[in-house]
Amino acid sequence: MALIESEEHKALRAAVAALGKRHGRDYDREALWSEAAKLGYLGVNLPEAYGGGGGGIAELSIVLEELGAAGCPLLMMIVSPAICGTVIARFGTESQQQAWLPGLADGTRTMAFGITEPDAGSNSHRITTTARRDPDTGDWLLTGRKVFISGVDIADATLIVGRTEDARTGSLKPCLFIVPRDAEGFHRRAIEMELSAVEKQFELTLDDVRLPADALVGDEDAGLLQLFAGLNPERIMTAAFAIGMGRHALARAVEYARDRQVWKTPIGAHQAIAHPLAQAHIDLELARLMMQKAAHLYDAGDDIGAGEAANMAKYAAGEACVRAVDQSVHTLGGNGLTREFGLASLITASRVARIAPVSREMILNYVSHQTLGLPKSY
């Protein structure tokens, strides 16, 4: 793994930064999504055979980070091309790949991802959404609930994590199903959030949703492997989301600290202002290095190594983002809470990277017993 970005990655970063600058923080989501797709950025990680760029999560994370740094992050990039596109590209049937990957790559189709449930957040082993076979038709019947599912209203389908019964053991095992948005028995309810975001959150109800046999993605007996093939990119992309947000906030604060004068001196000349901003920059740069390591391992096919690095990257980026936003708001004082400067809304948004898709405490649990070999506490 090279510690210095390649010329190709530098060029991609510069081009996406220019796109983000054109749209800015008052961006229109559909217009930005459409232009990013037209330029090939949304599908940069998907196979060339299906209209993608043939790159990996490393390239896709650059796109999301730079859009975030410009103040116009596209949250559904984490979900549609990174999670769903990756899972279908790696494990989907040829028919599923032909049906979904070209649209995910060119932005004409979008897919949401449903795993979290009211009683199954961090503990995915408690997922109660179940899928059973109709013995007469071979169809699948899905029943259950999901919460905090992003962008269901704009998605053509949702990749739902359910559980099927193992005929040999009777135990339930995770599997993934493509559920069209208009499927009978598939209902959504918007969740009112304090968070100000373009993409909305939903609670889903699946009431005996009937799906054809080919709605199952991949091998029924390899559902856990396939699930984590999507969750590692999710963590990496969440890190990119957080780093971009932190960079955006920091850039606003640095500009303000250069221009704002008190007693004829820019406030950025005072160490009490300058040092915390410098520390925030260092934290974001370190988080990016871990994110790049995680993306490199994932793209190289090292799922186990990527799992550890992706969790660490998500943790580091979430913490760095919260600190960067907090210090940026504090640097601006009262102005940091005004709509004009656009930082106040990031106070809430920055917490997302600490909470989702896995809490920092669960990451510390993972590192303590998986990496350090300490006993489990749960």
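Only a predicted model underlies this, so the values are computations on that prediction, with no experimental measurement involved.
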For residues 251-274, tabulate all N or O donor-acceptor pairs below 3.5 Å that involve a side-chain atom, not counting sequence neighbours.
{"from": "R252", "atom 1": "NE", "to": "F341", "atom 2": "O", "distance (Å)": "3.4"}
{"from": "R252", "atom 1": "NH2", "to": "F341", "atom 2": "O", "distance (Å)": "3.2"}
{"from": "Y256", "atom 1": "OH", "to": "N335", "atom 2": "ND2", "distance (Å)": "2.9"}
{"from": "T265", "atom 1": "OG1", "to": "W263", "atom 2": "O", "distance (Å)": "3.4"}

Practice task
Evaluate the side chain to side chain contact (heavy atoms under 4.5 Å, CB included) criterion for residues Q327 and Q279: first the C-alpha distance (whole Å), next the side-chain angles of each, then the deciding distance (0.1 Å), finally the verdict.
Solution key: CA-CA 10 Å; Q327 190 57 47; Q279 184 177 354; over 6 Å; no
Handout entry: Electrostatic pair E234:K314 at N-O distance under 4.0 angstrom
Key = no
Handout entry: Closest contact, heavy atoms only, P73 versus G71
Key = CD-C, 3.4 Å
Exercise for the section: Ignoring hydrogens and angles, tell me if any N or O in the side chain of R181 forms a donor-acceptor pair with the backbone of D156 under 3.5 Å. Expected result: no
Exercise for the section: Might you point out which heavy atoms bring A183 and V209 nearest each other, and give the distance in Å? Expected result: CB-CG1, 3.9 Å
Exercise for the section: Please tell me if the side chains of L204 and F186 come closer than 4.5 Å, counting only heavy atoms from C-beta onward. Expected result: yes
Handout entry: Min side-chain heavy-atom separation Y298-T86 under 4.5 Å
Key = yes
Handout entry: L159 reachable from V179 in the ILVMFWY side-chain graph, under 4.5 Å edges
Key = no
Handout entry: Heavy-atom side-chain contact between V322 and R351 under 4.5 Å
Key = yes
Handout entry: Check against side chain to side chain contact (heavy atoms under 4.5 Å, CB included), F113 and L231
Key = CA-CA 10 Å; F113 179 67; L231 296 186; 4.0 Å; yes
Fill in the blank from the handout: For S61 and A240 the tightest heavy-atom approach is O-CB, 3.5 Å
Practice task
Verify, without hydrogens or angle tests, whether S368 (side chain) and N365 (backbone) share a donor-acceptor contact under 3.5 angstrom.
Solution key: yes
Handout entry: L364, CG: over 12 other non-hydrogen atoms inside 6.0 angstrom
Key = yes
Handout entry: ILVMFWY cluster, L346 and Y27 together (side-chain gap under 4.5 Å)
Key = yes
Handout entry: Distance, nearest 0.5 Å, that separates CZ of R109 from CG of L104
Key = 7.5 Å
Problem - Side chain proximity check, W33 to T110, heavy atoms < 4.5 angstrom - result: yes
Problem - Sole residue of T164, L142, D139, D208 in side chain to side chain contact (heavy atoms under 4.5 Å, CB included) with R132 - result: D208
Exercise for the section: Run the numbers on E184 and R210 for salt bridge (charged side-chain N to carboxylate O under 4.0 Å, His left out), then give the verdict. Expected result: CA-CA 7 Å; E184 187 175 352; R210 182 176 291 273; over 6 Å; no
Side-chain polar contacts of residues 286-295 - donor-acceptor pairs under 3.5 angstrom, sequence neighbours left out - could you list them?
{"from": "R288", "atom 1": "NE", "to": "E65", "atom 2": "OE2", "distance (Å)": "3.0"}
{"from": "R288", "atom 1": "NH1", "to": "E285", "atom 2": "OE2", "distance (Å)": "3.4"}
{"from": "R288", "atom 1": "NH2", "to": "E65", "atom 2": "OE2", "distance (Å)": "2.6"}
{"from": "Q292", "atom 1": "NE2", "to": "E5", "atom 2": "OE2", "distance (Å)": "3.2"}

Problem - ILVMFWY cluster, V87 and L216 together (side-chain gap under 4.5 Å) - result: no
Practice task
Evaluate the side-chain proximity of T158 to K146: yes if any heavy-atom separation is below 4.5 Å, no if none is.
Solution key: no
Handout entry: Backbone of L176 reached by a side-chain donor or acceptor of Q226 within 3.5 Å
Key = no
Problem - Side-chain donor/acceptor of K21 to backbone N/O of A70, under 3.5 Å - result: no
Handout entry: 4.5 Å side-chain heavy-atom contact, L75 and V198
Key = no
Handout entry: Atom NE2 of H23: over 12 foreign heavy atoms under 6.0 Å
Key = yes
Completion exercise
Here the pair of heavy atoms bringing C321 nearest to S350 is SG-CB, 3.7 Å
Handout entry: Point-to-point distance, once rounded to the nearest 0.5 Å, from CG of L343 to CG of L250
Key = 10.5 Å
Exercise for the section: Pick out which of V63, N45, L64 makes a side chain to side chain contact (heavy atoms under 4.5 Å, CB included) with M237. Expected result: L64
Problem - pair I115-L227: side-chain heavy atoms closer than 4.5 Å - result: yes
Exercise for the section: Please report the shortest heavy-atom distance between A112 and A155, naming the atom on each side. Expected result: N-CB, 3.6 Å
Problem - Qualifying residues under side-chain contact (heavy atoms from CB on, under 4.5 Å), relative to I347, sequence neighbours excluded - result: V325, V329, L337
Practice task
Could you walk me through whether E35 and K38 pass the salt bridge (charged side-chain N to carboxylate O under 4.0 Å, His left out) test, one step at a time?
Solution key: CA-CA 5 Å; E35 186 172 0; K38 188 179 299 183; over 6 Å; no
Exercise for the section: Any chance you could lay out the side chain to side chain contact (heavy atoms under 4.5 Å, CB included) test for I88 and M111, step after step, and finish with the verdict? Expected result: CA-CA 11 Å; I88 292 174; M111 190 176 282; 3.8 Å; yes
Handout entry: Gap between atom CZ of R22 and atom SG of C72 - 0.5 Å precision
Key = 10.0 Å
Exercise for the section: Start with the C-alpha distance between V161 and T129, add both sets of side-chain angles, then the distance that settles side chain to side chain contact (heavy atoms under 4.5 Å, CB included), and finish with yes or no. Expected result: CA-CA 8 Å; V161 181; T129 297; over 6 Å; no
Problem - Close side-chain approach of L60 to P81, heavy-atom, < 4.5 Å - result: yes
Fill in the blank from the handout: Interatomic distance, CZ@R247 vs CD@E66, rounded to 0.5 Å, equals 4.0 Å
Handout entry: Short side-chain to backbone donor-acceptor contact, Q97 and A89, under 3.5 Å
Key = yes
Fill in the blank from the handout: Interatomic distance, CD1@I83 vs CD1@I57, rounded to 0.5 Å, equals 9.5 Å
Handout entry: D283 side chain to A324 backbone, donor-acceptor under 3.5 Å
Key = no
Completion exercise
Heavy atoms of A131 and F177 approach each other most closely as CB-CZ, 3.5 Å
Exercise for the section: Using the rule that two of Ile, Leu, Val, Met, Phe, Trp, Tyr join whenever any of their side-chain heavy atoms come within less than 4.5 Å, decide whether I178 and L101 are in one cluster. Expected result: yes
Problem - Neighbour count >12 (heavy atoms, 6.0 Å) for atom CD1, I4 - result: no
Fill in the blank from the handout: d(I62 CD1, R13 CZ) to nearest 0.5 Å is 5.0 Å
Handout entry: Other residues, nucleotides, ligands: >12 heavy atoms within 6.0 Å of R189 CZ
Key = yes
Practice task
Group every Ile, Leu, Val, Met, Phe, Trp and Tyr by side-chain heavy-atom contacts under 4.5 Å, then state whether F202 and V352 land in the same group.
Solution key: no
